[in-house]
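Remarks on the structure that follows.
Computed over heavy atoms, backbone and side chain alike; hydrogens, waters and symmetry mates excluded.
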Amino acid sequence: MLKIYNTLTGKKEPFEPIVPNTARMYVCGVTVYDYCHIGHARSALVFDVLRRYLEYSGYAVTFVKNFTDVDDKIIKRALEQGVSCDAVTAKYIQAYHEDMGKLGIRAATEEPKATEHITDIIQLTERLVAKGLAYVVAGDVYFEVSKYPEYGRLSKRRLEDLQAGARVEVDERKHHAMDFALWKSSKPGEPAWESLWGPGRPGWHIECSAMSIRHLGETFDIHGGGMDLIFPHHENEIAQSCGATGKEFARYWVHNGFVQINKEKMSKSLGNFFTIREIFEKSEWPEDVTGEILRCFLLSTHYHGPLDFSDQALKEAKSALNGFYDLFGRLGEPGGKAIVGQGLDQALDRCRAAFMSAMDDDLNTPMAIASLQALRSDVNKLLAVGLSTEGRQTARQAFRSFGAVLGLFQLDRWDFNVRVEPKAAHLALATFAPTVTVEPVMTDVQIETKLAERIDAKKCKDFKRADVIREELKSLGITIEDKPDGTSRWKR
RNA sequence: GGCGCCGUACCCAAGUGGUAAGGGAGCAGUCUGCAAAACUGCGAUGCAGCGGUUCGAACCCGCUCGGCGCCUCCA
């Protein structure tokens, strides 16, 4: 049974969906005015894994993740680049899909856009005005926080405290400094939709209320996003949604921690961020490998805590994965006629139990990975004793299916040391060039030829010659392992 | 000023009341022509510090120190 930490209650709680065996979740996506950074990747990945694990646990999952495609920053970017807002959002939505695709993040069930829900947004705003929870000022509509007694429930703040700390210059027309815009009147040239209050566009928070209600209903199971969205975004969503419907909104609020650089929050405003594509650009490894390394790195810390990004951390993730893929390579070779069976079954059962209990415990991915490492060790030992071809396949399949929950271990080959020309290491975002292509420095046939040469040399006890060949291949990133039977295996 | 998070070995990282998982790096050994991989062994008498509660604390409480976040757009 999955237990999940709920920001709303501050406790780890058993996940009990509203409709049995069904999970409905909404996650705040991105505002599409720029490329995604590694922090966006973490958030997307955490909820991708939550979704995968819910499915693995037998739930039918409806997963909604939005795109904010109308916003001040988009307007600004469009002006800067001299293109339409549509052009900006289309470009970065596509980039989002490309980047997340490389990380193996599955598309959500629905990926609605704010601009496609203007009618829903206007209707929801009207409901709030009609209920006296919002007021109109010269074409703008504001939510009145003081009319909503539960305001601050999620972020555990009191209005008085907020007021004391407010650093923003307060718009005089607002009744309370914390009142926020549901609808903003548009200036000429800005995106605008007709409404009762004149031409305008939605405020930031209202779109998520409108879209989640549209796609999941007025009350649903899980609402997620990054820690920084707790206040004010999610607090405001709750106020709007509960205020309008009079019902409970989302039952479980799940928030992921930040990616940091040298213990500092990574963010656009601080300028210390790495975009996802930048990381792929700089990588010396093939795309699918880099994607898996990144995924493994991002899952190596519990989702709730901070995670420090560094080359060192990436290398460690690489080493960890390398051990698995080395094993998979051996599992792909034909086995002996060993009588193994029970040992493997026991190892698999042990792993399954440990894996499930780790994931059930608030998505403890580091512990889940540890359970797979234990299996790796067990299988290695069985291999030393002798494992049949069938047993090898069973083991590989087990890694594949547990791994699928985390999005790991799905590659057939781990051409880990294929040398890829590192593309210009410090490309500016704007000059980003498309995807890196992978070109092995040596073809398989060439390698096999060299290997045959070396085996001949070894047969003649010409170890010097054999070592020269091994060194030659090594300099090209190809590692040779001699097997007891005199033949060799190689890997890139 | 208000709210909150974090501090576990050389590094990463679980553990949230029952006597310190796992990985990486390192060292030693087995195997090997040598390597590589794998396997085996070694490695925190202690969980930032100091008090307290308890039969028992890394885990609970209090204080202190250090790092960070939110309260403004932010995953």
Side-chain angles (χ1 to χ4, degrees), chain A residues 7 10 12 27-31 33-34 36-47 68 71-73 76 152 155-169 178 204 224-233 235 255-260 262-270 273 296-297 300-302 304-308 310 312-313 315-323 326-327 329-330 354 358 361 364-374 376-377 379-381 383-385 458 461-464 466-467 470-471 474 479-484 488-491:
Chain A
T7 308
K12 227 189 266 185
V27 172
C28 291
V30 293
T31 300
Y33 72 103
D34 206 345
C36 289
H37 57 57
I38 183 80
H40 295 118
R42 185 181 193 196
S43 183
L45 181 55
V46 164
F47 294 102
T68 298
D71 174 87
D72 290 348
K73 293 187 290 290
K76 185 166 168 249
S155 55
K156 314 210 168 21
R157 287 157 211 257
R158 297 177 308 166
L159 273 179
E160 309 85 79
D161 297 340
L162 291 169
Q163 201 170 12
R167 280 186 269 149
V168 254
E169 57 302 0
M178 294 317 296
W204 175 35
M227 288 282 190
D228 50 352
L229 296 182
I230 295 173
F231 190 89
H233 185 55
E235 194 68 62
H255 295 97
N256 66 278
F258 292 121
V259 176
Q260 308 181 318
N262 294 324
K263 309 284 181 198
E264 268 194 330
K265 176 184 175 180
M266 176 172 79
S267 73
K268 289 187 182 168
S269 35
L270 292 174
F273 65 97
C296 186
F297 159 69
S300 67
T301 298
H302 184 82
H304 206 257
L307 172 59
D308 224 58
S310 65
Q312 166 78 8
K315 282 188 184 127
E316 287 182 9
K318 178 187 84 174
S319 301
L321 282 169
N322 210 23
D326 275 350
L327 171 59
R330 272 169 262 135
D361 186 13
N364 193 331
T365 53
M367 212 189 214
I369 291 171
S371 74
L372 293 167
Q373 277 158 339
R376 185 189 128 213
S377 173
V379 173
N380 267 323
K381 282 171 210 162
L383 224 38
V385 179
K458 272 173 62 182
K461 302 279 182 201
D462 183 358
F463 295 121
K464 203 172 174 187
D467 289 349
R470 186 166 61 200
E471 282 309 308
K474 194 177 177 187
T479 308
I480 291 174
E481 284 178 33
D482 291 339
K483 294 194 277 187
S488 305
R489 66 168 75 93
W490 61 273
K491 62 176 178 176

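Under a 4.0 Å N-O distance rule, the pair A:D467/A:K464 does not qualify as a salt bridge.
For A:D228, the side-chain atoms get nearest to B:A75 when compared with the rest of B:A38, B:A75, B:G24. You'll find that the side chain of A:Q373 is closest to B:G23, out of B:C73, B:G23, B:A75. Looking at the side chain of A:E316, the nearest of the listed nucleotides B:G23, B:A38, B:A75 is B:G23. Counting only heavy atoms from C-beta on, A:R157 has its side chain closest to B:C70 among B:C70, B:A21, B:G33. Each of B:G23, B:G69, B:G33 was ranked by its minimum atom distance to the side chain of A:A466; first place goes to B:G33. Of the listed nucleotides (B:C34, B:A75, B:A38), B:C34 has the atom at the smallest distance from the side chain of A:D467. Distance from the side chain of A:M178 is smallest to B:U72 among B:C70, B:U72, B:G23.
Of all the heavy atoms in A:Q373 and A:A320, the pair that sits closest is NE2-CB, 4.3 Å.
In terms of polar N and O atoms assigned as donor or acceptor, the side chain of A:R470 comes within less than 3.5 Å of the base of B:C34 in a complementary pairing. Between the side chain of A:R42 and the base of B:A75 there is no donor-acceptor pair of N/O atoms closer than 3.5 Å. Side-chain atoms of A:D482 come within donor-acceptor range of the base of B:C34, with a qualifying N/O pair under 3.5 Å.
Distance check on atom C1': B:C27 versus B:U64 gives 39 Å, rounded to whole Å. Rounded to whole Å, the C1' atom of B:C68 lies 26 Å from the corresponding atom of B:G51. When the C1' atom is used for both B:C59 and B:G46, the distance is 14 Å, rounded to whole Å. When the C1' atom is used for both B:C55 and B:A48, the distance is 28 Å, rounded to whole Å. Remark: the separation of the P atoms in B:A9 and B:U72 is 37 Å, to the nearest Å. Taking atom C1' on both B:C61 and B:A44, the two are 26 Å apart, rounded to the nearest angstrom. Comparing B:U45 with B:C39, their P atoms sit 27 Å apart, to the nearest whole Å. Atom C1' of B:U16 sits at a distance of 13 Å from the matching atom of B:U8, rounded to the whole Å.
When heavy atoms are screened at a 4.0 angstrom cut-off, A:K156 is found touching the sugar-phosphate backbone but no base atom. Using a 4.0 Å heavy-atom criterion, one finds that A:N380 contacts the sugar-phosphate atoms exclusively.
When the C1' atom of B:U72 is taken as reference, atom NZ of A:K265 falls 11 Å away, rounded to whole Å. Atom P of nucleotide B:G69 and atom CD of A:Q260 are separated by 8 Å, given to the nearest angstrom. With rounding to whole Å, A:E481 atom CD is found 7 Å from B:A37 atom P. In this structure, the NZ atom of A:K318 is 15 Å from the C1' atom of B:C12, given to the nearest Å.
Residue-environment remark: NZ (A:K263) stays at or below the threshold of 12 foreign heavy atoms within 6.0 Å.
When both pairing distances are held under 3.5 Å, B:C65 makes a Watson-Crick or G-U pair with B:G7. Pair check for B:G43 finds none; no Watson-Crick or G-U wobble contact set falls under 3.5 Å. Across all strands shown, B:C31 forms no Watson-Crick or G-U wobble pair with both key distances under 3.5 Å.
A donor-acceptor pair is defined here as one N or O able to donate and one able to accept, closer than 3.5 Å; such a pair exists between the side chain of A:E235 and the backbone of A:G152. With hydrogens and angles disregarded, no donor-acceptor distance shorter than 3.5 Å links the side chain of A:S43 to the backbone of A:G39.
A:L383 has its side chain within reach of A:L327: a pair of non-hydrogen atoms, C-beta onward, lies under 4.5 Å apart. Side-chain contact between A:K73 and A:D34 is absent, with no heavy atoms from C-beta onward closer than 4.5 Å.
Nearer to the 5' terminus of RNA chain B, by closest-nucleotide assignment, is the contact made by A:Q312 (compared with the other of A:G39 and A:Q312). Residues A:K73 and A:S377 each lie close to RNA chain B; by heavy-atom proximity, the contact nearer the 5' end of the strand is made by A:S377.
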Tabulated below should be each protein N or O lying under 3.5 Å from an N or O of nucleotides 13-20 of chain B; please produce it.
from  : atom 1 : to     : atom 2 : distance (Å)
B:A14 : OP1    : A:H302 : N      : 2.7
B:A14 : O3'    : A:N364 : ND2    : 2.9
B:G15 : OP1    : A:N364 : ND2    : 3.0

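Taking side-chain N and O atoms only, A:K381 has a distance below 4.0 Å to OP1 or OP2 of B:U40. Close to B:C71, at under 4.0 Å from its OP1 or OP2, lies no side-chain N or O of A:R158.
In this structure, A:H37 and A:H40 have parallel ring planes: the angle between them is below the 30° cut-off, well short of the 60° mark.
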Inset, instruction - Go through A:D361 and A:M367 one step at a time and tell me if the side chain to side chain contact (heavy atoms under 4.5 Å, CB included) criterion holds. - result: CA-CA 10 Å; A:D361 186 13; A:M367 212 189 214; 5.6 Å; no

